[in-house]
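Notes follow the structure.
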Amino acid sequence: MLKPLVLIGACLAATLSASVLAAEPTYVVGSGGTYRPFEFENSQKQLEGFDIDIIKAVAKAENFQVKLVNTPWEGIFATLNSGDRDIIISGITITDKRKQMVDFSAPYFPAEQAIVVPKDSRVDSIAALKALKVGVVNSSTGDIVVSDTLGKNSTAIKRFDNTPLMLQELYEDGIGAAVGDVGVAKFYIKTHPEKEFKLVSDAKFERQYFGIAVAKGNDELRGKINAGLKKIVADGTYAKIYQTWFDSNVPTLPAE
């Protein structure tokens, strides 16, 4: 006689679970699929990467669902204002100019430049690059910084289309050092340990941060994202995600 009661209980639990899921809002998240390791398409054409893991963790912490949509960088901000996307997370550096278009979450990743050199290199600052041939990604922040140091038209600067090409050239001794985005460089070093590179920082590199963007005035959603970020930092989830993609030097994030 207990079996019907067990079945009824199971049905009620399933119904309750479905109701809870239905009550959770779903937000459309735009993210570019071309900036490894932050967001890129896997072989199944699904988005993955550090940014993807972060927004999923934030959503879990704040009890909402996300629908990920690969969104080209060109025009990505307009998708918020048009209502096609609720959130964008795509390695977006927080700048005053962008703050005029969108509202940002608290910073979630330090995005400064870094010098990459062989482990036995004595380079300890950007000033030490003056004696070397230096690689940069064409028109990047690294290009600007190195051009300021060596001169824009310096023949010691070698420009590349992307970071992997630049770091392969470093490995082959075609250049003596490279300057690029710290996150991309850390991921490359992690996935190519045989090349034995190291990172060197310099106080001249401007400290910048990535932020998660929502439409101007969407304080409710921005508040959820910030609350979720605080939770995943506090419970160690952020550190686990960071270590998965980069290294054990988990950054201390600033308050908004």
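- How far CD of Q100 is from CG of D96: 7.5 Å, rounded to the nearest 0.5 Å.
- Residues D84 and V69 fail the side-chain proximity criterion, which asks for heavy atoms closer than 4.5 Å.
- V214 and I55 fall within a single hydrophobic cluster, where Ile, Leu, Val, Met, Phe, Trp and Tyr side chains are chained together by heavy-atom contacts under 4.5 Å.
- Among all heavy-atom pairs drawn from L170 and P118, the shortest one is CD1-CD, 4.1 Å.
- R36 and T163 share no donor-acceptor pair across their side chains, judged by distance under 3.5 Å alone.
- Only one option out of Q46, K45, E41 pairs with N70 in a side chain to side chain donor-acceptor pair (under 3.5 Å); it is E41.
- Counted within 6.0 Å of NZ on K230, heavy atoms from surrounding residues, nucleotides or ligands total 12 or fewer; the atom is thus considered open.
- Proximity of a side-chain donor or acceptor of D53 to a complementary backbone N or O of I241 within less than 3.5 Å is not detected.
- At least one side-chain heavy atom of E194 sits less than 4.5 Å from a side-chain heavy atom of H192.
- Panel note: side chain T79, backbone R85; no donor-acceptor pair is recorded below 3.5 Å.
- We find the CD1-CD distance between I232 and E62 to be 10.5 Å, quoted to the nearest 0.5 Å.
- Heavy atoms only, all atoms of each residue included: I94 and S105 are closest at CD1-O, 4.2 Å.
- Linking ILVMFWY side-chain heavy atoms closer than 4.5 Å, directly or via other members, places V146 and V200 in a single hydrophobic cluster.
- Ring pair F77/W73 is perpendicular by interplanar angle, where above 60° counts as perpendicular and below 30° as parallel.
- With rounding to the nearest 0.5 angstrom, the CG atom of L221 is 10.0 Å from the CG atom of N226.
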Side chain to side chain contact (heavy atoms under 4.5 Å, CB included) assessment of F205 paired with V179:
CA-CA 10 Å; F205 292 140; V179 176; 4.2 Å; yes

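- Transitive grouping of hydrophobic side chains (ILVMFWY, heavy atoms separated by less than 4.5 Å) keeps V117 and Y188 in distinct clusters.
- Between L253 and P110, the closest side-chain pair of non-hydrogen atoms falls below 4.5 Å.
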CA sep, side-chain torsions, deciding dist, call: I92, F104, side chain to side chain contact (heavy atoms under 4.5 Å, CB included): CA-CA 9 Å; I92 305 169; F104 281 105; 3.7 Å; yes

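- The local environment of NZ in K204 is sparse, with at most 12 non-hydrogen atoms from other residues, nucleotides or ligands closer than 6.0 Å.
- Considering V102, I87, D103 as possible partners of L80, the one that fulfils the side chain to side chain contact (heavy atoms under 4.5 Å, CB included) test is V102.
- The environment of K60 atom NZ is sparse: at most 12 non-hydrogen atoms of other residues, nucleotides or ligands sit within 6.0 angstrom.
- With 3.5 Å as the limit, one finds no donor-acceptor pair spanning the side chains of D143 and S139.
- Considering only heavy atoms from C-beta on, P25 comes within 4.5 Å of K224 through its side chain.
- Side chain of D181 to backbone of G183: no donor-acceptor contact under 3.5 angstrom is found.
- With a 6.0 Å radius and a threshold of 12 heavy atoms from other residues, nucleotides or ligands, E220 has its CD atom at or below the threshold.
- Grouping the Ile, Leu, Val, Met, Phe, Trp and Tyr side chains by contacts below 4.5 angstrom, directly or via other members, places I126 with I157.
- Minimum heavy-atom separation, A156 to L150: CB-CD1, 4.3 Å.
- In the displayed structure, K190 atom NZ is contacted under 6.0 Å by more than 12 heavy atoms of other residues, nucleotides or ligands.
- Side-chain atoms of L68 and K56, non-hydrogen and from C-beta on, do get closer than 4.5 Å to each other.
- Minimum interatomic distance between A185 and V116 (heavy atoms only, all atoms of both residues): CB-CG2, 3.8 Å.
- Residues Q168 and K195 have side chains in contact (heavy-atom distance under 4.5 Å, counting atoms from C-beta outward).
- Here F160 contributes atom CZ and E169 contributes atom CD; the two are 4.5 Å apart, rounded to the nearest 0.5 Å.
- For the pair S31/I52, a side-chain contact is recorded, criterion being any heavy-atom separation below 4.5 Å from C-beta on.
- The neighbour count for K130 NZ, taken as heavy atoms of other residues, nucleotides or ligands under 6.0 Å away, does not exceed 12.
- Between P37 and V184, the closest heavy-atom pair is CD-CA, 4.1 Å.
- How far CD1 of I189 is from CG of L199: 4.0 Å, rounded to the nearest 0.5 Å.
- Clustering ILVMFWY residues whenever any of their side-chain heavy atoms sit less than 4.5 angstrom apart, transitively, puts I54 in the very cluster that holds F64.
- A 4.5 Å side-chain heavy-atom check between I115 and L129 finds at least one atom pair inside the cut-off.
- Summarising the geometry of A57 relative to T237, their closest heavy-atom pair is CB-CG2, 3.9 Å, with the distance given to 0.1 Å.
- The aromatic rings of F38 and F210 sit perpendicular, their planes meeting at an angle over 60°, well past the 30° parallel limit.
- Counting non-hydrogen atoms of neighbouring residues, nucleotides and ligands closer than 6.0 angstrom, the CG atom of D161 reaches no more than 12 such neighbours.
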message = Working note: I88 + T71, criterion side chain to side chain contact (heavy atoms under 4.5 Å, CB included); need CA distance, chi angles, decisive distance, verdict.
response = CA-CA 9 Å; I88 53 175; T71 306; 5.8 Å; no

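- Put simply, the residue from Y35, W245, F109, F40 that forms a ring pair (Phe, Tyr, Trp, His ring centres under 6.0 Å) with F50 is F109.
- In this structure, L229 CG and I212 CD1 are separated by 4.5 Å, a value rounded to the nearest 0.5 Å.
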